[in-house]
2 protein chains.
Amino acid sequence: MTAVDPLRPVERRSAEARALEALRDAIVSGGLAQGSRITEIDLSNRLDVSRATVRSALHTLAAEGLVIQTPYAGWAVLSLGPDDVWELLTLRASLEGLAGRLAAERHADSERPRLEAAMDDLRAACMNGTPDEVAEADFRLHETIVALAGHGRLSEHYRRLRTQVRLHINAGDALVFDKSEIIGQHEPIVRAVLARDAALAGSLSEQHNLTEGQLLLDRVEADFAMSGA
Amino acid sequence: MTAVDPLRPVERRSAEARALEALRDAIVSGGLAQGSRITEIDLSNRLDVSRATVRSALHTLAAEGLVIQTPYAGWAVLSLGPDDVWELLTLRASLEGLAGRLAAERHADSERPRLEAAMDDLRAACMNGTPDEVAEADFRLHETIVALAGHGRLSEHYRRLRTQVRLHINAGDALVFDKSEIIGQHEPIVRAVLARDAALAGSLSEQHNLTEGQLLLDRVEADFAMSGA
DNA sequence: TGGCTGTATATTGTCGACAATATACGACGT
DNA sequence: ACGTCGTATATTGTCGACAATATACAGCCA
């Protein structure tokens with residue numbers, strides 16, 4: 001018999017950890033605009049924490065590549081241009097390729113329903129969802145594959161990358177792909193992982209990025225040229 | 001005519017940057033032992049800087065995975081076991097594979113002598129050098145290839161990885177490979193890059209890690225079992 | 001008008017002190 | 001002897017103030 005405990009666990013996170021998350025979210029969501037200069041004093045006031053707390057978070061974010069530090073002069077939010085987008089795509093292809101291969105080789109049977117559910121979610125999003133929901137479900141599917149690889153460092157490198165990809169997507173540059181195309185590209189990946197076909201899972205995982213990516217990159221470069229940046 | 005300026009540029013780096021480098025070097029070299037607990041107060045005293053300076057460096061090192069933070073209780077130096085070594089090797093293979101491919105596709109002609117020189121250095125180290133010198137020259141060759149890829153994020157992810165690989169090598173677990181084997185594995189990579197054969201460069205770059213890696217991993221697991229860890 | 005110099009200002013870097021938290025240790029009860 | 005509770009201690013987390021540095025701006029001179 002499971003009694004519902006009226007008392008909830010008290011959140012136990014330092015102000016540093018909370019500031020770090022709030023800043024990361026604000027950057028990724030565009031609340032702190034790409035390329036904008038940010039100051040410790042301003043953030044300290046807005047977050048209602050000490051400047052030391054903000055500094056701590058900013059150092060971590062700098063190590064994640066989300067902010068750029070100019071010693072003694074300020075910090076700036078990462079700004080992504082076409083070169084950056086190309087880098088994100090190529091690196092993402094490589095890491096997702098490795099994840100696909102390892103997930104196929106190593107996933108536990110108990111994790112198959114999780115992967116199937118993520119694929120179902122993507123299908124549902126393609127049927128009924130907004131472009132944001134599709135992108136989110138797409139991302140969650142890949143995160144699941146990365147998790148099934150059981151490789152902590154790969155997960156960490158992927159998380160780093162994913163944050164920047166999200167930044168890019170949230171900046172409004174994401175292409176809206178044909179939804180049947182999205183399903184058509186992802187289902188074979190999932191099938192290969194479940195079939196434990198490592199070579200196929202790896203190569204499909206890598207290749208689908210390069211296909212979508214080229215379209216996206218063409219678009220980003222065109223936008224960049226038009227904006228005169 | 002180049003006049004020799006008797007005045008040298010004054011080093012302009014914050015204490016934070018210097019502490020970060022000193023700590024990273026101490027960790028990678030084993031001066032701060034793997035798995036050991038470290039405290040801000042101790043490091044602050046030993047480095048003769050404020051604790052805030054040490055904190056800043058530790059946060060960055062934590063984001064790099066070289067130290068593990070336990071809030072309010074302390075910090076510990078990363079300790080690498082067989083699972084970690086496997087992760088480093090597989091990820092290294094993937095990133096070096098991407099680097100090889102991109103270096104083949106994208107290197108500037110002006111950079112070819114640099115790659116050739118790195119290969120020459122490796123040959124020289126294999127002829128006359130200590131195992132450490134061989135490992136160092138091997139690493140430098142790969143760093144050169146990564147640099148020739150012209151992909152900042154790849155370089156950054158690789159640098160992260162490399163630091164941990166160095167930590168592992170410096171812990172004394174590095175296998176000493178047959179030197180002609182080392183040359184035999186690296187020359188075809190360099191040739192493929194210079195020939196701009198992206199597929200071959202990528203696949204050789206990736207594969208050579210997996211070959212050497214398996215031997216190393218077998219050895220690490222045997223050592224681990226013997227030490228009862 | 002443009003370039004150079006000196007000063008002011010804004011912000012980060014660093015400091016030492018106080019607050020928060022985890023862990024160790026001793027005392028007590030069963 | 002073991003488990004629980006309370007206190008002490010060690011260390012990190014956070015604070016506000018002072019120091020260091022980059023940048024902006026004003027004044028002066030050619």
Side-chain angles (χ1 to χ4, degrees), chain A residues 7-27 31-79, chain B residues 7-27 31-79:
Chain A
L7 294 179
R8 324 246 345 238
V10 177
E11 181 178 14
R12 298 174 48 168
R13 273 203 312 165
S14 63
E16 276 181 353
R18 284 183 279 113
L20 173 59
E21 183 172 355
L23 286 176
R24 194 189 280 124
D25 289 347
I27 289 168
L32 292 175
Q34 283 193 40
S36 65
R37 180 165 177 268
I38 54 181
T39 70
E40 298 173 6
I41 296 173
D42 180 51
L43 297 178
S44 164
N45 291 333
R46 290 162 72 180
L47 292 171
D48 196 28
V49 292
S50 152
R51 196 163 64 75
T53 308
V54 169
R55 278 186 70 70
S56 171
L58 285 175
H59 275 288
T60 301
L61 292 170
E64 294 181 9
L66 290 178
V67 298
I68 315 298
Q69 181 186 24
T70 308
Y72 292 108
W75 306 75
V77 177
L78 171 67
S79 173
Chain B
L7 293 179
R8 322 238 357 230
V10 177
E11 182 178 12
R12 298 173 50 171
R13 271 201 313 164
S14 63
E16 277 180 351
R18 284 184 279 115
L20 172 60
E21 184 174 353
L23 286 177
R24 194 188 282 122
D25 289 348
I27 288 168
L32 291 176
Q34 282 191 41
S36 65
R37 182 167 176 265
I38 56 181
T39 71
E40 297 173 7
I41 296 172
D42 180 50
L43 296 178
S44 165
N45 291 332
R46 290 163 70 179
L47 292 171
D48 196 31
V49 290
S50 152
R51 195 161 66 74
T53 308
V54 169
R55 275 187 73 68
S56 170
L58 286 174
H59 275 289
T60 300
L61 292 170
E64 294 181 10
L66 291 179
V67 299
I68 316 297
Q69 179 185 27
T70 309
Y72 292 108
W75 306 76
V77 177
L78 171 68
S79 173

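A note on names: the letters A, B, ... follow the listed sequences, proteins ahead of strands, and every chain is numbered from 1.
Between B:Asp42 and A:Asp48, the residue anchored closer to the 5' end of DNA chain D is B:Asp42, taking for each the nucleotide with the nearest heavy atom. Mapping A:Thr70 and A:Ala52 onto DNA chain D via the closest heavy atom, the residue that lands nearer the 5' end is A:Ala52.
Looking at heavy-atom distances under 4.0 Å, B:Ile38 makes contact with sugar-phosphate atoms alone, never a base. Across all strands shown, B:Ala73 has heavy atoms under 4.0 Å from sugar-phosphate atoms exclusively, and none from any base. A:Arg18 comes within contact range of no nucleotide atom at all, as no heavy-atom separation falls under 4.0 Å.
With rounding to the nearest 0.5 Å, the separation of CG in B:Leu20 from NE2 in B:His59 is 12.5 Å.
For A:Ala15, taking side-chain heavy atoms from C-beta onward, the closest of the listed nucleotides D:dT14, C:dT12, C:dT21 is D:dT14. Of all nucleotides listed (C:dT14, D:dG13, D:dT14), D:dT14 comes nearest to the side chain of A:Glu16.
Distance CZ (A:Arg37) to P (D:dT23): 9 Å, rounded to an integer number of Å. Atom pair B:Asn45:CG and D:dT11:P shows a separation of 11 Å (rounding to whole Å applied). The CD1 atom of A:Ile41 sits 6 Å away from the P atom of C:dT11 (whole-angstrom rounding). What separates CG of B:Leu47 from P of C:dT14 is a distance of 12 Å, to the nearest Å. Rounded to an integer number of Å, the gap from A:Gln69 CD to D:dA22 C1' is 13 Å. At whole-Å resolution of the value, OH in B:Tyr72 and P in D:dT12 are 12 Å apart. Rounded to an integer number of Å, the gap from CD of A:Glu40 to P of C:dT11 is 10 Å. Rounded to an integer number of Å, the gap from CZ of B:Arg51 to P of D:dT12 is 7 Å.
Side chains of B:Leu58 and B:Ile38 form a contact here, defined as non-hydrogen atoms less than 4.5 Å apart. With a 4.5 Å cut-off on side-chain heavy atoms, A:Val67 and A:Gln69 do not count as touching. Side-chain contact between B:Leu66 and B:Leu23 is absent, with no heavy-atom pair separated by less than 4.5 Å.
Applying the 3.5 Å distance criterion, the base of C:dG13 shares no donor-acceptor pair with the side chain of B:Arg13.
A donor-acceptor pair is defined here as one N or O able to donate and one able to accept, closer than 3.5 Å; such a pair exists between the side chain of B:Ser44 and the backbone of B:Val49.
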